[in-house]
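Below, chains carry the letters A, B, ... as their sequence lines are ordered, and counting in each starts from 1.
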2 protein chains.
Amino acid sequence: MRLLLIEDERELADALSAALSKHGIVTDHTTHLADAFELTRQNTYDAILLDRRLPDGEGLTFIPMLRRTGTDAPVIVLTARNEPLERVEGLDVGADDYLGKPFLVDELMARLRAVLRRPPSLAELQITVGRMVIDPLHLSVTVASTPLDLPRRELLVLVALAKRKDKTVLRSTLEAAVYNYEEEIQSNALDAHISRLRKRLLDAGAGVAIHNIRGVGYLLREE
Amino acid sequence: MRLLLIEDERELADALSAALSKHGIVTDHTTHLADAFELTRQNTYDAILLDRRLPDGEGLTFIPMLRRTGTDAPVIVLTARNEPLERVEGLDVGADDYLGKPFLVDELMARLRAVLRRPPSLAELQITVGRMVIDPLHLSVTVASTPLDLPRRELLVLVALAKRKDKTVLRSTLEAAVYNYEEEIQSNALDAHISRLRKRLLDAGAGVAIHNIRGVGYLLREE
DNA sequence: CCGCGAAGATTGCGGCAGCATGACGGGGAC
DNA sequence: GTCCCCGTCATGCTGCCGCAATCTTCGCGG
């Protein structure tokens, strides 16, 4: 589990990080909202601990920003501003819980658990084709709910096709999905991947077919 | 919106019902757990407000009963028993929030809104794989109901894998689950953890296998 | 309907990236 | 001190994947 801690009191932050790490929680720490925003764009956190009074502004303003950018990690506000009306304010801008300082680490842990007792973050974008379910975010493929493990390049090809299922995907698009700039290919490596992928999907009984559109690209659809 | 209020102090209950109805909330009220249980079987509530000290028992015992019968409505505990450790206790049996008496109706409303914003709490409290049961929130592992204690990093790896059992977990995801951005690793530390974890699970007879998907990540499944 | 060229399919091979594992040692906890 | 977690290195091995050679399919024009 990985948390983002936004807190400008250095000592409290260090103590908290240490305490949390004893519970097996990995904590990233920052003191400014601007940095926090950057971090949430780069990483995915299971939860966010947020102070209200911060050097570059009121912590609560951070919550709507987060939500607008699609981060749905639960936010727990940790603050000395603990009047009932302040708590209402915090919860109503989208905080998931609100805990007044000082607090016991045990209570924080309990509230964390309460808040995390919910489905894994973000909409599980999954694509279903034939008997196959593809999760492009986690790069996982299952056929009839049993996992199918594919070599990396074949997996990338399949995901690229699945994202545009029933539509043609340009050959160049597929190449871009599998290779970066440095990796030049000067042979029919892509064709080879397609071929091996077809065989694997057939063996697994995936119920899909990869069609070729001559001179253009490929297309994935149920068969 | 329809609430179930379980509270034996008649005056408080009446006052609350009145206040809630001003917010357009329909409240069913009962004073006993036995009746409450019946009501939840017959109706579907959006949320449940629960007192701890009730004529026929400790209110908290109600929560596991609810969950076992498939009711996933959020529960807010309202009680005079408001010591930090009592709050921990409440949250850990499955309450979604915990509010000490006396409280402002406005704060109750705010916490209600916060709790209702969250998707239904379907998250598994425990994950079973092979002969092993994993509690990701408390970070505990048992094999055939005897506890297994693992070193911290190996535990984190295992939990991350268990949360997506039978599905691939990206190498980068595992690294993020175990290390924060300050702790960089420049070697095969993760591989080492996996290797040691495998050995430990084998020795313990966990009945699981950690499978590698070359170039992608790892996958936990029963064997 | 046939022939031809180009695009695609398939398969074997070899190099090497990526993984598994054991050993070692520093360092933190008790 | 003593234990053991955990990061690092070295070594061996597996199998992915780029390449190329060969065969098949497709589309077009006559």
Judged by modelled atom types alone, do Arg113(A) and His138(B) share a side-chain donor-acceptor pair under 3.5 Å?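 Note: Arg113(A) and His138(B) side chains meet the donor-acceptor criterion.
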* To do: Check whether the side chains of Tyr98(B) and Arg52(B) place a donor and an acceptor atom closer than 3.5 Å, and report yes or no.
  =>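 Yes, side-chain donor-acceptor contact under 3.5 Å.
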Whole-Å distance between [N] [atom2] and [X] [atom1]?
X         : N       : atom1 : atom2 : answer
Leu156(B) : dG7(D)  : CG    : P     : 11 Å
Asn188(A) : dT11(C) : CG    : C1'   : 11 Å
Leu197(A) : dG18(D) : CG    : P     : 14 Å
Leu202(A) : dA9(C)  : CG    : C1'   : 14 Å
Asp191(A) : dC17(D) : CG    : P     : 15 Å
Arg200(B) : dG22(C) : CZ    : C1'   : 15 Å
Arg153(A) : dA17(C) : CZ    : C1'   : 11 Å
Leu190(B) : dG7(D)  : CG    : C1'   : 12 Å

Does a salt bridge link [X] with [Y], judged by any charged N lying under 4.0 Å from a carboxylate O?
X         : Y         : result
Arg2(A)   : Asp46(A)  : no
Glu83(A)  : Arg87(A)  : no
Asp51(B)  : Lys101(B) : yes
Asp135(A) : Lys167(B) : no

Five pairs per end, C1' atoms only: what is the angle between the end axes of the helix from dC1(C)-dG30(D) to dC30(C)-dG1(D), to 10 degrees?
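Result, rounded to 10 degrees: 50°.
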Quick check on [N]: is either OP1 or OP2 less than 4.0 Å from any side-chain nitrogen or oxygen of [X]?
X         : N       : answer
Ser195(B) : dT21(C) : yes
Tyr179(B) : dG7(D)  : yes
Tyr218(B) : dG18(C) : no

Nearest-nucleotide pick for [X], side chain only, options being [options]:
X         : options                   : answer
Asn212(B) : dC16(D), dA20(C), dT25(D) : dA20(C)
Arg171(B) : dC19(C), dT25(D), dT10(C) : dC19(C)
Arg214(B) : dA20(C), dA6(C), dC19(C)  : dC19(C)
Ala192(A) : dC19(D), dC16(D), dT21(C) : dC19(D)

Base, sugar-phosphate, or nothing: which does Arg196(B) touch, judged by heavy atoms less than 4.0 Å apart?
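Answer is base: heavy atoms of Arg196(B) come under 4.0 Å of a base.
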### Message
Considering every strand and a 4.0 Å limit on heavy-atom distances, what is the contact class for Ala189(A): base, sugar-phosphate, or nothing?
### Response
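Contact class for Ala189(A): sugar-phosphate only.
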Quiz prompt | Non-neighbouring partners of Gln42(A) that pass side-chain hydrogen bond (donor to acceptor under 3.5 Å, both in side chains), sequence neighbours left out | solution =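 Gln42(A) satisfies side-chain hydrogen bond (donor to acceptor under 3.5 Å, both in side chains) with Glu38(A) only.
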**OP:** Determine the sole option in Leu148(A), Ile134(A), Val133(A) for which the side chain to side chain contact (heavy atoms under 4.5 Å, CB included) test with Thr142(A) is passed.
**Re:**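 In the set Leu148(A), Ile134(A), Val133(A), the residue that makes a side chain to side chain contact (heavy atoms under 4.5 Å, CB included) with Thr142(A) is Val133(A).
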So does Arg152(A) reach the base of dG15(D) with its side chain, donor to acceptor, closer than 3.5 Å?
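No, the side chain and the base share no sub-3.5 Å donor-acceptor pair.
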Go nucleotide by nucleotide along DNA chain D from the 5' end; which of Glu154(A) and His193(B) gets its closest nucleotide reached first?
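Closer to the 5' end of DNA chain D: His193(B).
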